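Everything below concerns the one structure shown next.
Sequence positions, counted from 1, serve as the residue numbers for this chain. Computed over heavy atoms, backbone and side chain alike; hydrogens, waters and symmetry mates excluded. Model, not experiment: these values are computed from the prediction.
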Amino acid sequence: MGHMGTADTRLVVLRGNSGSGKTTAARAVRERYGSGLAIVSQDTVRREILCEAHGPVRATPGLIDVITRQCLDEGFHVILEGIFSAARWGELLHRLAADHRGTNRFFYFDLPFAETLRRHTTRPESSEFDESTMRDWYRPADLLDGMDEALIKQDSTLEETIRTVLTEAGLEPRPAR
C-alpha cells in the first residue's frame, strides 16, 4: 500500500487478551494527550461499525488498515487497540509498522487469565460473554514475532500505564490547566 504518515506521527498499538484494560488505557492516554490522537478500536470497527459476530472476521482487518492509514496521513497520531491475536493480525500489524514513516510503539497487556476475568466483571459488556468464552479466547504471551513489544503487567496501575505509553511513544501530553 505504500508509506503513510509523517516522521512526526506516532502509531501506538495496545494488544492483549479480552478484559486486560486496553480500551481503558487508550481512552485515558487520549484524555491526557488531547486532540490530534485517534483511537482505532478493533471492537468498535468489528462490533459497532460492521456488526461482525465473534469468529472469523471478514471486513474488519481491511477497514482497520484503511482507517489507521488515513488517520496517520491526515497527521493524527493513532492508538490501535484490540486483542489483535498474533496468528490472525500479525501480518497486518507488521505491514502497518513497516509502512509508517513515524515512530511505532507496541505494547502487550500481559495479564494472567484470572485477572482478565476479574477486570471483565467490571465492564458494561460483562453480560455479553461468560468465563467459558473468555477462556476460549485467552492466549497467554501472544507476542508478535520480530516485534519489540513492551509488556504491561498486572501490577501496572492505570496512571503508570498512561505514563509508560506517552513516554515510550514520544507523545508529549498537553499542559494541565
Side-chain angles (χ1 to χ4, degrees), residues 1 4 10-30 38-72 78-100 104-156 158 161 164-165 168-169:
M1 285 211 138
M4 65 186 169
R10 305 290 191 261
L11 173 61
V12 177
V13 179
L14 305 181
R15 306 176 48 250
N17 285 292
S18 180
S20 60
K22 304 169 304 292
T23 303
T24 299
R27 290 175 181 160
V29 166
R30 182 170 58 191
I39 296 174
V40 179
S41 169
Q42 180 182 13
D43 278 349
T44 299
V45 172
R46 183 182 56 76
R47 291 174 19 187
E48 295 177 31
I49 295 174
L50 297 173
C51 197
E52 284 190 326
H54 297 296
V57 293
R58 298 172 306 281
T60 301
L63 187 54
I64 284 175
D65 185 63
V66 168
I67 292 169
T68 302
R69 289 173 185 277
Q70 182 67 29
C71 289
L72 290 165
V78 172
I79 293 180
L80 185 55
E81 72 88 9
I83 294 174
F84 295 124
S85 67
R88 221 181 251 179
W89 291 88
E91 183 180 329
L92 173 66
L93 295 173
H94 278 283
R95 193 169 54 244
L96 285 170
D99 289 352
H100 183 220
N104 303 311
R105 197 64 185 110
F106 283 63
F107 299 87
Y108 182 76
F109 285 65
D110 188 26
L111 282 70
F113 177 72
E115 180 62 13
T116 64
L117 186 60
R118 186 193 68 75
R119 291 181 184 191
H120 172 67
T121 63
T122 68
R123 302 177 351 176
E125 64 270 21
S126 64
S127 64
E128 292 180 30
F129 42 91
D130 61 10
E131 178 179 348
S132 174
T133 302
M134 286 191 64
R135 190 174 301 282
D136 287 345
W137 293 342
Y138 186 79
R139 300 288 177 268
D142 187 34
L143 299 173
L144 293 169
D145 287 338
M147 189 67 73
D148 179 24
E149 291 184 278
L151 299 181
I152 304 293
K153 296 291 204 173
Q154 174 179 343
D155 61 352
S156 180
L158 180 57
T161 300
T164 297
V165 170
E168 292 196 21

Val78 to Cys71 - nearest heavy-atom pair and separation:
CG2-CB, 3.5 Å
What's the spacing between Leu14 CG and Ile39 CD1 if we round to 0.5 Å?
9.0 Å
Taking every non-hydrogen atom, the tightest pair across Leu144 and Glu149:
N-OE1, 2.8 Å
Does the structure place the NZ or CZ of Arg88 under 6.0 Å from the centre of the six-membered ring of Phe84, at an angle of no more than 45° from the ring's axis?
no
Mind running side-chain contact (heavy atoms from CB on, under 4.5 Å) on Phe107 and Val13 for me, showing each step along the way?
CA-CA 6 Å; Phe107 299 87; Val13 179; over 6 Å; no
Using atom types as modelled and distance alone, determine if a side-chain donor or acceptor of Tyr138 lies under 3.5 Å from a backbone N or O of Asn17.
no
Might you point out which heavy atoms bring Arg105 and Ala150 nearest each other, and give the distance in Å?
NH2-CB, 3.5 Å
Heavy-atom closest pair, residues Ala169 and Arg10
O-NE, 2.7 Å
Minimal non-hydrogen separation, Leu158 against Ala28, with atom names:
CD1-CB, 4.2 Å
Indicate yes or no: at least one non-hydrogen side-chain atom of Ile64 is less than 4.5 angstrom from one of Val66.
no
Is there a side-chain contact between Glu48 and Asp43, using heavy atoms and a 4.5 Å cut-off?
no
Minimum side-chain heavy-atom gap Gln42-Trp89 below 4.5 Å:
yes
Check the pair Asp65, Arg69 against salt bridge (Lys or Arg N to Asp or Glu O under 4.0 Å), reporting the backbone distance first and the verdict last.
CA-CA 6 Å; Asp65 185 63; Arg69 289 173 185 277; 3.0 Å; yes
Residues Leu151, Phe109; criterion side-chain contact (heavy atoms from CB on, under 4.5 Å); working and verdict
CA-CA 6 Å; Leu151 299 181; Phe109 285 65; over 6 Å; no
Test item: Lys153 and Leu111 side chains (from C-beta on) under 4.5 Å apart, heavy atoms
no
Tell me whether Arg15 contacts the main-chain N or O of Tyr108 through its side chain, where contact means a donor paired with an acceptor under 3.5 Å.
no
Under 3.5 Å: donor-acceptor pair, side chain of Arg139, backbone of Ile83:
no
What pair of heavy atoms forms the shortest contact from Ser85 to Asp142, and how long is it?
CA-OD2, 3.1 Å
Using only atom types and a distance under 3.5 Å, with no angle test, would you say the side chain of Asn104 pairs donor to acceptor with the backbone of Ala97?
yes
How about Glu168: does its CD atom have over 12 heavy atoms from other parts shown lying under 6.0 Å from it?
yes
Taking it one step at a time, do Glu81 and Thr23 satisfy side-chain hydrogen bond (donor to acceptor under 3.5 Å, both in side chains)?
CA-CA 7 Å; Glu81 72 88 9; Thr23 303; 3.0 Å; yes
Are Leu96 and Leu11 side-chain neighbours, meaning at least one heavy-atom pair lies under 4.5 Å?
yes
Can you check whether Ile152 reaches Asp110 side chain to side chain, under 4.5 Å on heavy atoms?
no
What verdict does the side-chain contact (heavy atoms from CB on, under 4.5 Å) test give for Phe106 and Leu93, after you've listed the backbone C-alpha separation in whole Å, the side-chain angles of each residue and the deciding distance to 0.1 Å?
CA-CA 10 Å; Phe106 283 63; Leu93 295 173; 4.0 Å; yes
Flag the pair Val29 / Ile79 as yes when at least one side-chain heavy-atom distance between them is below 4.5 Å, and no otherwise.
yes
